[in-house]
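Everything below concerns the one structure shown next.
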Number of protein chains: 2
Amino acid sequence: MHISELDTPAVLVDLDVMERNLASMAEYSARTGMKLRPHVKTHKIPELALQQVSMGAVGITAAKPSEAQVMAAGGLKDIFIAYPIVSKQKADALLALKDLAKLSVSVDSFDSAECLASASTAIGYDLPILVEIDVGFGRCGVATPELAVDLARKIEKLNGAHFGGLMFYPGHMMVPLEEQNLLLPKVNAAVEAAYAALVKAGLDVPVVSGGSTPMAPRSTEFSHLTEIRPGMYPLNDRNLVAGGFATLENCALTVMTTVVSTAVNDRVILDGGSKTFSSDRLLTGDHLGHGVILADADAVLYGLSEEHGHIDVTNSSRAYKLGERLRVVPNHVCATINMHDTIYGIRGEQVETVWKVAARGRVQ
Amino acid sequence: MHISELDTPAVLVDLDVMERNLASMAEYSARTGMKLRPHVKTHKIPELALQQVSMGAVGITAAKPSEAQVMAAGGLKDIFIAYPIVSKQKADALLALKDLAKLSVSVDSFDSAECLASASTAIGYDLPILVEIDVGFGRCGVATPELAVDLARKIEKLNGAHFGGLMFYPGHMMVPLEEQNLLLPKVNAAVEAAYAALVKAGLDVPVVSGGSTPMAPRSTEFSHLTEIRPGMYPLNDRNLVAGGFATLENCALTVMTTVVSTAVNDRVILDGGSKTFSSDRLLTGDHLGHGVILADADAVLYGLSEEHGHIDVTNSSRAYKLGERLRVVPNHVCATINMHDTIYGIRGEQVETVWKVAARGRVQ
């Protein structure tokens, strides 16, 4: 099927571009020995996760047990939950997957570890629990090496669980290179201090899991790092381009839209708004705009209603026709995919694959 | 079932509050004679739309044909598409519903009218087409009375369609009262000029459709208005409260979340982020914050990751416990509902109804 036969808005993934991105990260992982455990929250598609594993990923990362359920049902056999589970409901839901997948989790509190270990004990599992440390992002993670050691020791004493290593998320490092260079020694100091304290306490640290798409190319500069969890690298987006972490040519995902109104002077209206692109903002610079209109560098997608994209064409030399189609690179690929049930994998302009976003809406 | 048995995040609708909101708008409509045609994009739930109709709404409004499909299948019998349809695909999809529901649409171009009339003719339907005029929002709508008359005349000459009246959306009027008072005469001038020109041209204008939730209480101040299309009034949200259009007590929808981390100093992390609340910003004031935490007026939901809500509790005198549940009024109720497959209608703390958000993701 040609893409012109699809109704719009339609989310397209250029398979040639995606395969290049996948191969590039797989090659980096193989060359450096850095284990790759992609975060599937970006695409929420089991088939894509299987492709990542087939290209060398050691397993996957998910945020929520309900997301893990979809992935396990889809054939993923090694799932790490990079999210604190604090309820029996969620611990039971996760551990119920033990016959489908090897499971592991991270925590930043003993309550969470105890809750997970209790669910694990009940079904005779031995769950690896990693301790999350805060390396400066200020979201989750214990604050000091002493707290990390204390938590690891307590985990080791629990039935149904054992200490599986360290985990961190450098979410504050999606910044220009010179700022990264100032942050990296601080992140490394935090990891090194926790690592040393654990070793001194006689604990083995088999895994140090970190990373993100922006920091993936610098993974070998992180102390003790054994594993990275990038999510966006197969697809990329306007945010990664604006931050200098990708180019427009590396952006595999576009939203194909239709011009539905040109009635207002200097404005063109698309049939995609916040329910198509999400309202996620540009993270850098002026924070303005909602996507890159590939056909017109002078057009500005300045606003979104729920179902309308508002383009300012004041500075455009291009004519716009009702009914014509425009492809847009969205600000945030994870948020855009989460708006849709179906994604189309295309080769050139032919639809080759239709994916169901099976884990869409799996926030529990 | 008690709400404590639900996994989180869970979207709850307080039925007592919602029923009061529904009754209040129904009473206004009955008292003023202003016909009520609620926009279902807010809730995307056919059962709720049926409830609106059972309380006096003349029909419903939808944005996209795929949304209308769900509503027609759910038993809604009068559907107006307040959105320009410019493709044969969408026109055919809409007209295919003619045996289920009375259909009408609005357009701001002759191309759109022609496309719809062609699909209508093919199945022997006579489609009412309203002409959208721009009253100052600058999104869709023809710019002058002359263009409105020209378009209406051309519609009248089409087979399969007839001119159904005027439509506008005063999206720029969600502003403080004194700014509204400055805008209202301009909006009325635009409507009056178009109306007078149409009448002078010998055209009947059976419907003038306008309105929104913020402007609904002032509907009788709009010239020639016969019908309003508010969407959010059954539920309300932080944006409407911040704008002075609702109170927190009128907000029927809350998101029940769980505290999953307190490891970082002065921070509390919830298990809901942008994939639970959406990233829609506060439209007024400082534009900051992502929701109201009902249990703590001093806590600030200052940031959202995809699955984390970041609360600053620096100024809070309240203690936070891992695993405790917090209910949050989101910024934008339409965007929040669109993130979820299931919404729970509650009476007090008991779950009384479980709704499927059947038209979720229906952006085509």
Side-chain angles (χ1 to χ4, degrees), chain A residues 7-10 41 63-64 66 83-87 89-90 93 108-109 111-112 115 132 134 138-143 147 171 258-265 267 269 271-276 278-281 303 305-308 310 322-323 332 334-335 338-341 360-361 363-364, chain B residues 7-10 41 63-64 66 83-87 89-90 93 108-109 111-112 115 132 134 138-143 147 171 258-265 267 269 271-276 278-281 303 305-308 310 322-323 332 334-335 338-341 360-361 363-364:
Chain A
D7 199 0
T8 64
K41 54 117 183 179
K64 301 287 186 84
S66 63
Y83 198 88
I85 288 174
V86 301
S87 74
Q89 223 160 0
K90 282 195 168 60
D108 67 4
S109 70
D111 282 1
S112 174
C115 165
E132 179 167 2
D134 180 20
R139 184 172 73 181
C140 297
V142 299
L147 288 169
T258 299
V259 172
V260 292
S261 177
T262 57
V264 174
N265 200 26
R267 295 288 180 274
I269 303 297
D271 65 349
S274 61
K275 283 176 175 166
T276 290
S278 90
S279 294
D280 279 28
R281 301 177 75 198
S305 306
E306 286 166 52
E307 302 286 6
H308 304 74
H310 304 228
L322 269 182
H332 186 190
C334 315
N338 190 49
M339 293 288 166
H340 300 271
D341 289 323
R360 178 177 184 228
V363 291
Q364 279 87 27
Chain B
D7 198 0
T8 64
K41 54 117 184 178
K64 302 286 185 86
S66 64
Y83 198 88
I85 288 174
V86 301
S87 74
Q89 224 160 1
K90 282 196 169 60
D108 66 3
S109 69
D111 282 2
S112 174
C115 165
E132 179 166 2
D134 180 19
R139 184 172 73 181
C140 297
V142 299
L147 288 169
T258 299
V259 171
V260 292
S261 176
T262 56
V264 173
N265 201 28
R267 294 289 179 273
I269 303 297
D271 65 349
S274 60
K275 283 176 175 166
T276 291
S278 90
S279 294
D280 279 28
R281 301 177 74 197
S305 308
E306 285 166 52
E307 301 286 6
H308 303 75
H310 304 228
L322 269 182
H332 186 189
C334 315
N338 190 49
M339 293 286 165
H340 300 271
D341 289 322
R360 179 179 183 228
V363 292
Q364 280 86 29

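Residue numbers start from 1 in every chain, and the chains themselves are labelled A, B, ... in the order their sequence lines are given, proteins ahead of strands.
Chain A forms more heavy-atom pairs under 4.5 Å with one residue of B:Gly141, B:Ala63, B:Ser274 than with any other, namely B:Gly141. Each of B:Ala10, B:Ser305, B:Ala335, B:Gly272 has some count of heavy-atom pairs under 4.5 Å with chain A, and the biggest count is that of B:Ser305. Each of A:Asp108, A:Val260, A:Val86, A:Asp7 has some count of heavy-atom pairs under 4.5 Å with chain B, and the biggest count is that of A:Asp7. Counting heavy-atom pairs under 4.5 Å between each of A:Ser66, A:Gly323, A:Cys140, A:Ser87 and chain B puts A:Cys140 at the top. Per-residue counts of heavy-atom pairs under 4.5 Å with chain B were compared for A:Ser112, A:Gly138, A:Ser109, A:Gly273; the largest is that of A:Gly138.
Contacts between A:Asp134 and chain B at a heavy-atom distance below 4.5 Å involve the side chain alone, from C-beta outward. In this structure, the portion of A:Lys64 lying under 4.5 Å from any heavy atom of chain B is its side chain and not its backbone. Both the backbone and the side chain of B:His308 come within contact range of chain A, each with at least one heavy atom under 4.5 Å from a heavy atom of that chain. In this structure, chain B has heavy atoms under 4.5 Å from both the backbone and the side chain of A:Gln364. Heavy atoms closer than 4.5 Å to chain B are found in the side chain of A:Glu306, but not in its backbone.
Between atom NZ of residue A:Lys275 and atom OG of residue B:Ser278 there is a gap of 10.0 Å, rounded to the nearest 0.5 Å. The CD atom of B:Glu307 sits 10.5 Å away from the SG atom of A:Cys334 when rounded to the nearest 0.5 Å. Considering NE2 of A:His332 and OG of B:Ser279, their distance stands at 8.5 Å, rounded to 0.5 Å. Within the model, atoms CD1 of A:Ile85 and OG1 of B:Thr258 stand 12.0 Å from one another, a figure rounded to the nearest 0.5 Å.
Residues B:Arg360 and A:Asp341 form no side-chain contact, since every pair of their non-hydrogen atoms from C-beta on lies 4.5 Å or further apart. Side-chain atoms of A:Arg139 and B:His310, non-hydrogen and from C-beta on, do get closer than 4.5 Å to each other.
The nearest pair of heavy atoms linking B:Asp111 to A:Leu322 is CB-CD1, 3.8 Å. The nearest pair of heavy atoms linking A:Lys90 to B:Asp271 is NZ-OD2, 3.8 Å.
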Fill in: Test side-chain contact (heavy atoms from CB on, under 4.5 Å) applied to A:Thr8 and B:Gln89, step by step
CA-CA 9 Å; A:Thr8 64; B:Gln89 224 160 1; over 6 Å; no

